[in-house]
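Every chain is numbered from 1, with letters handed out A, B, ... down the list of sequences.
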Amino acid sequence: MRTEAEPIVALRAIEKSFGPVSVLKGVDFDLRPGEVHALMGENGAGKSTLIRIMSGAHQPNAGTVEIDGRARRLDGPRDAQDRGIAVVHQELLLFPALTVAENIFTGHAPRTPRGTLDWGAMRRDARAILDRLDCPDLDVDETVSKLSVANRQRVEIARALSRNARVLVMDEPTAALAEADVRRLLDVVRSLRAEGVGIVYVSHRMNEIFEIADRVTVLRDGGTIATRPVGEVTEAALVSMMVGRDIDELFPKEDIPIGETVLEVRGLAHAGKVRDVSFAVRAGEILGIAGLVGSGRTELAQTIFGVTPATEGEILIDGRPVTVGSVREAIDRRIAYVPEDRAQHGLVRPQTIRENVSMAILDRLTRRSVVDTSRETALAEDAIRRFAIRARGPGQVVAQLSGGNQQKVVIAKWLATDPRILILDEPTRGVDVGAKTEIHKLMNQLARQGLAIIMISSELPEVLGMSDRILVMNGGRMTAILDRSEATPDTVGTAMMTGHAA
Amino acid sequence: STWTGGDDQPASPLACDATVTAVPPGDYNGGEPTDAPDRNGKPLRVVDIPKLVGVGYFNSTASGIQEAAKELGSMTVTTDGPTRANIDEQITFIDNYITSGVDGILFAANDPVAIAPVLKRALEAGINVVGYDADAEPDARQWFVNQAEPNGVAKSMIDQLASEIGEEGSFAIVTSTFTTPNQARWITEMAAYAEKCHPKLKFLETVEAQEDNILSFNQAQTLINKYGDELKGILGMTSVATPAASEAVQQNNLCGKVAVVGLALPNAMKPYVNNDCVKSTILWSTVDLGYAAGMAMRAVADGTLKPGDTTFKAGRLGDLQIVNQSQILLGAPKVFTKVDINDFDF
Amino acid sequence: MRGPTLSRRLSASGQEILLLAALVALFLVVGWINPRFVSQNNLTSIFVGNAYIAVAAIGMSMVIISGHIDVSVGALIGVLATVSGLLVTGGYPVWLSWLLPVLLGGVVNAGLGVLIAYLKVPSIIATLAMLSILRGGLITVTGGAWISGLPPSFQLAQFRLFDVPSPVWFMIVMTVGFAFVLRSTAFGRAIYAVGGNPEAAEASGIPYKATIVKVFALHGLIAGVSATLFATQLQVIQSTVPNGLELIVITAAVVGGVSILGGVGTVVGSTLAAILFAAIGSSLIFLNVSAYWLRAVQGILILATVLADMARRGRTG
Amino acid sequence: MTLRSLLRHEAILALILALALAVLAIDNERFFTAANLLNQGRLMTEVGLIAVAMTFVIVTGGIDLSVGSILGLCAILIGVFWKTLGLPLPAAIGLSMAVGTLAGFVNGLIITRFRVPPLIATLATLALYRGLAEGISQAQSIRGYPKWFFVLGQGDFLGIPTQLWLLAAVAFAGFFVLRYTAFGRATYAIGNNEQGAAFSGIDVARTKLWIYSASGFVSSLAAVVFVSRVSTTRSDMGSGIELDVITAVVLGGTSIFGGRGLVVGTLLGLCLVQVLKNGLALSGVRGDGTIVIIGAVLIAAVLISNFLGRYSGD
Ligand SMILES: Nc1ncnc2c1ncn2[C@@H]1O[C@H](COP(=O)(O)OP(=O)(O)OP(=O)(O)O)[C@@H](O)[C@H]1O
Ligand SMILES: Nc1ncnc2c1ncn2[C@@H]1O[C@H](COP(=O)(O)OP(=O)(O)OP(=O)(O)O)[C@@H](O)[C@H]1O
Ligand SMILES: [Mg+2]
Ligand SMILES: [Mg+2]
């Protein structure tokens, strides 16, 4: 135990507001060398804002930032970096057109004696850091735009490490990672801790917190609720601290009568990324899809949804073969897809809730191609009520909502299309426990109404908890379909790895 | 490619020798302002709208107009216009000045037809309208001061060229754009005149160079590179192209081997003429052109220049001939040589 | 390690290779039809007469890589050339007449950079306004009079070194120099960073606003050099804004592979593109393409280059 | 909220316009007359027509630099079809407008099929279409159109210049489509997040094709009005008009990055520029001074709305 050590960073009575909105209201937080201090809280509780203050990106309206016991003013990210604070931001801040090596070293690249950039050293050092992160497969000369989300995440972490930071702040680093990658990341965190680095760790995933954190601080509505050693809290206690009420069950799967087969695919393939996938989903059923990052789950979903139309195979709805050549066609066939990348594919964030919710069904809300705004507003108001979206009203811009509430807008948008088949791709990624339970309840409710649901998730407990059956994918192929009764972390995990050699 | 002059008018080449047949002007075909107030002897507020402002050529016509205004004492002239030779913008300028209520409009048209409706509106508003340098349709203005007849320009240019490169030499042309009416007209007339009087001259090609110094230089340079020894002469059709072509010839050390003949302001050509790289430059006095236009404006307003006149007394320029029904002819284009080029400053 | 790196390097500089190939093909084909096209004289003409465009395109490339655009560069070159001419005819020493426009360009465009970075005026609007102001202002101030009577020592662009005209030296040295700056200095990489992702740049400790101001200032300095070449090539200076020069410079930059979205591109590409366009213009005269169709052919060739680039990218990524 | 922040710029612009009108009216009694203002309307019609479509183009995050060249090409074609091919004038006009629309459609194809950024695509067709106009016309002007044709460009209808009716109709159509229809929604959605729009079942390529075709169409319409106004065709017609159009659109508050903008704003921007040109000329400011002032106003308008945008609380 190093509890006696002096904090490297301490935030005292921090307040921060954006215009009239007060986001942080007197937050205290400190970090000691060689500890992992978890920061938890609902979406919009103010975690990222606190981190931006720690990283010098924001200035607090009141309160002090102490580094090594002395009050400091952090004038921008550079200042914070110079004091040994490195941040892995929640929204990955990378340069898509530059190489991995350059991304890692942007802003502090090694120089030759003549003062020019030392490309050789840069590539060597980048390689060394990636090896330390256990990523031998990541090429330092690859441009970042070609990397998968998980690999981009690794680049971002490598960048923070490259600064030899004393303080490493990680804002939801595992949100985009699958179990195996989470393991690898946690190993890195442990070894850094052993080197005496202080780590701030933000995550919505309970199991990670209990596995890695030494202490945990819970924020709610911009205030500190408590800071406790992890050993002194239970999961239930944490949750109730976060949401301010008790949540009885994390994955409340209900037993729902299963109906007729709604969707069936046979031998579906798309351009080498999806190969020969066959399965069926019935009304009222939740089919979970598990797999490693890049196993082709998203591609499969997008093939069914007409984004990347199938190059081979058949899609049958109610037993009748149909073509799905475009998103429009998919919507007409009452298929809905809640994409994994909310900001890119799910929403038009500068526009209002009203405009987003109606976007997929505008043709139904028009009379002679004129949009009926009163019906549209009614639809949005209904969505806000039904999904308990925390917003000022249908006219609020979606970008101003917290992550969880944005996710609810996406779901509302797709349910407005009145689908019979609903595909949810990572529906609770980056969503807090409270909102997560609400989304899970919603899924149950929809299943009860007779929807056939396909849920892709990288969180194994979620897949295991919510699914009636689990389809496991690897390398674009399905390696198993397991019934709820036979699905365990072991069986699913094994299926995720099998065929890996092939 | 054959030249059509940008309009449907036939070419009318002059006689090969120096005989100038005086043609009676014919019946007046210009327009008349409607209900113009009696301006005889009264102060005149006149606006001068050239094709574009900010080029040497129209700066010197403007100074000629100012000279006339100063001499007359009863006329104030503002020069204003578009910064690009653009038919549309010129029209807008004229329109605004009609609204602002001037007594007279002097213009050099970017397009004879396009400018006609707005000039007619000026006449309808009782404004006196006189053109110079580039004409509009006759009934859209009262008089036009013609710096030189196109066939006269063509004759001067081709005769000069033939005298420098011989009757069998090859030449190429650098012009502004194919759509500029004056240049297009002159090239048509040159082709016709050359065919009639210097049939063995060999025309190679015409290149476009906007009104752009460096582009003109580059184009001339390319012509030199392309034709090598075959190229004996370059004709510059604009006051931009001619000095730029001269510069190209000089930088390639081809003085005396490639002749440059063309229209240009004396000032721009002095370096080349003075060091014998170029023998001559052809132009009317642009200052006189503006001066005559200014004088004509006053005379029209006073009623002293009227349909049926066969000459016009233009101050220090003396009597100018009236030709083509409603045009005042400045005279034949002048050929400036080393002998006299240094006596002019414009 | 070496193999893939080399091939990736090649594919990363694909646009340069494409342009170089196009250039070589053009010289071979047209030279075969008319050998005079590839005579030393003509090659020199192509380079010399268009070096100022290639030089200006270097600055433009950096501006576009930083995620912005400048439609006022032609106007700026016109103004600076005039300033240079007025200085030398006003009796100032020749070196000052070369240097001052360069500095002035830097100052003017630094102001533009402040407007864009600190006052958040979108660059296309700020520079559109600047175009208007410079174009009109120049005429208001000078009345558009030509500047002649320039001393021979002023004609920087007519000097030769090792029998190669100075504009060619400027073009080559500045292209190589700025290629080096962009690739191998922290400032160069900062330009890519702010163009590729401004937020991420800030988070990496690269000050976005200061970088943008520096890029514009540098672009202004380079425009000053371009203006000096422009002003000293002939014995008269047209004190007006050359029409459409900004579009030519922008075209050179984007056809040279600079992404209009920012964050991607090199100055070698833009220089090659500037030369390619000059060579195309010249070759059409050599091929006796009717001058009436010249611009149409140019348009088709720009389109072809761009589409070839798209096809290439479609293949590699 | 968006509507409010959108209207803010337009409101400021309207205020500036009103101010300019008042100042210029006091300064010169010839300015604020029906005859002068209507005449200004006549002069700004071509830019206005194209600006309406350009608003759509820029809202999608694109740009169309080729509009001036399409105008030139269509103007030439009216003459060529009518005089050289001997078609009846209405047929020549119709055919030329079809070609203009096709030219816009080709822009759209290059942009959507081959994924060429709009700026580059239309920079290339800017040269191509102008080149076609020059090549086809062989530098010939065509003139001598029948009298009835000039009604459009030089005549009046109910005391108002004929082409202003046309501009009003096109502007209203543009306003209506952008503001009230599903197509307008799609336009904004594409400008804000193209992929998001595609995942919502919006046919991005088709929407863009329509918009670029419309841009070609109104450019050809502007060509007809222009030819009728100036009674002649030349291949250099409309060169440089793209900058005037873009000035009107961005001055009107349409974001050059896409996703934001109103037709009303564009019309305000258009009027402001025209009023300044005219009013300043009447007050004795010369043309070169006027464009300096317009440049300054463009920056000032953005600065003011930036300033108010920042401090009015979001
Ligand atoms: N720049 C800003 N302007 C206005 N409000 C902001 C700004 N940044 C954040 N907020 C608001 O501050 C609150 C806290 O946001 P923050 O991103 O810190 O939440 P978080 O705890 O990180 O949530 P999540 O778990 O979803 O990442 C939210 O309500 C958010 O809308
Ligand atoms: N931006 C990208 N560029 C290139 N390849 C990518 C990109 N994103 C994903 N891939 C690759 O496409 C394939 C399928 O990815 P897909 O996103 O469908 O997988 P997934 O199982 O849904 O994984 P994830 O959990 O990352 O969404 C994988 O090989 C992946 O590496
Ligand atoms: Mg957060
Ligand atoms: Mg996925």
Would you say Glu246(C) and Ser72(C) are linked by a side-chain donor-acceptor pair, where the criterion is simply a distance under 3.5 Å? no
Between Thr122(D) and Asn107(D), do the side chains contain a donor N or O and an acceptor N or O under 3.5 Å apart? no
For chain C, the option from Leu126(D), Ile294(D), Leu243(D) that forms the most heavy-atom pairs under 4.5 Å: Leu243(D)
Which atoms of Val116(D) are under 4.5 Å from chain C, going by heavy atoms: the side chain, the backbone, both sets, or neither? both
Can you find a side-chain donor-acceptor pair between Thr101(D) and Ser213(D) that sits under 3.5 Å? no
Out of Ser255(D), Ser239(D), Gly289(D), Ala124(D), return the one with the most heavy atom pairs under 4.5 angstrom to chain C. Ala124(D)
Would you compute the distance between atom CG of Asp70(C) and atom CG of Leu112(C) and round it to the nearest 0.5 angstrom? 6.0 Å
Given a strict heavy-atom distance threshold of 4.5 Å, which part of Leu119(D) is in contact with chain C: side chain, backbone, both, or neither? side chain
Identify whether the distance between the nearest side-chain nitrogen and carboxylate oxygen of Glu194(D) and Lys208(D) falls below 4.0 Å. yes
Bottom line for Ile110(D): the part with an atom under 4.5 Å from chain C's heavy atoms is side chain
With only heavy atoms counted, which part of Leu115(C) is less than 4.5 Å from chain D, the side chain, the backbone, both or neither? side chain
Which one wins on heavy-atom pair count under 4.5 Å against chain D: Leu134(C), Ile250(C), Ile139(C), Val71(C)? Ile139(C)
Restricting to non-hydrogen atoms, name the atom on Ile256(D) and the atom on Pro122(C) that form the minimum distance, rounded to 0.1 Å. CG2-CB, 4.1 Å
Over all heavy atoms of both residues, which pair between Asp64(D) and Ser215(D) is shortest? Give the atoms and the distance, please. OD2-OG, 2.8 Å
With a 4.5 angstrom heavy-atom cut-off, is it the side chain or the backbone of Phe257(D) that approaches chain C, or both, or neither? side chain
Proximal component of Ile124(C), with respect to chain D [non-hydrogen, under 4.5 Å]: side chain
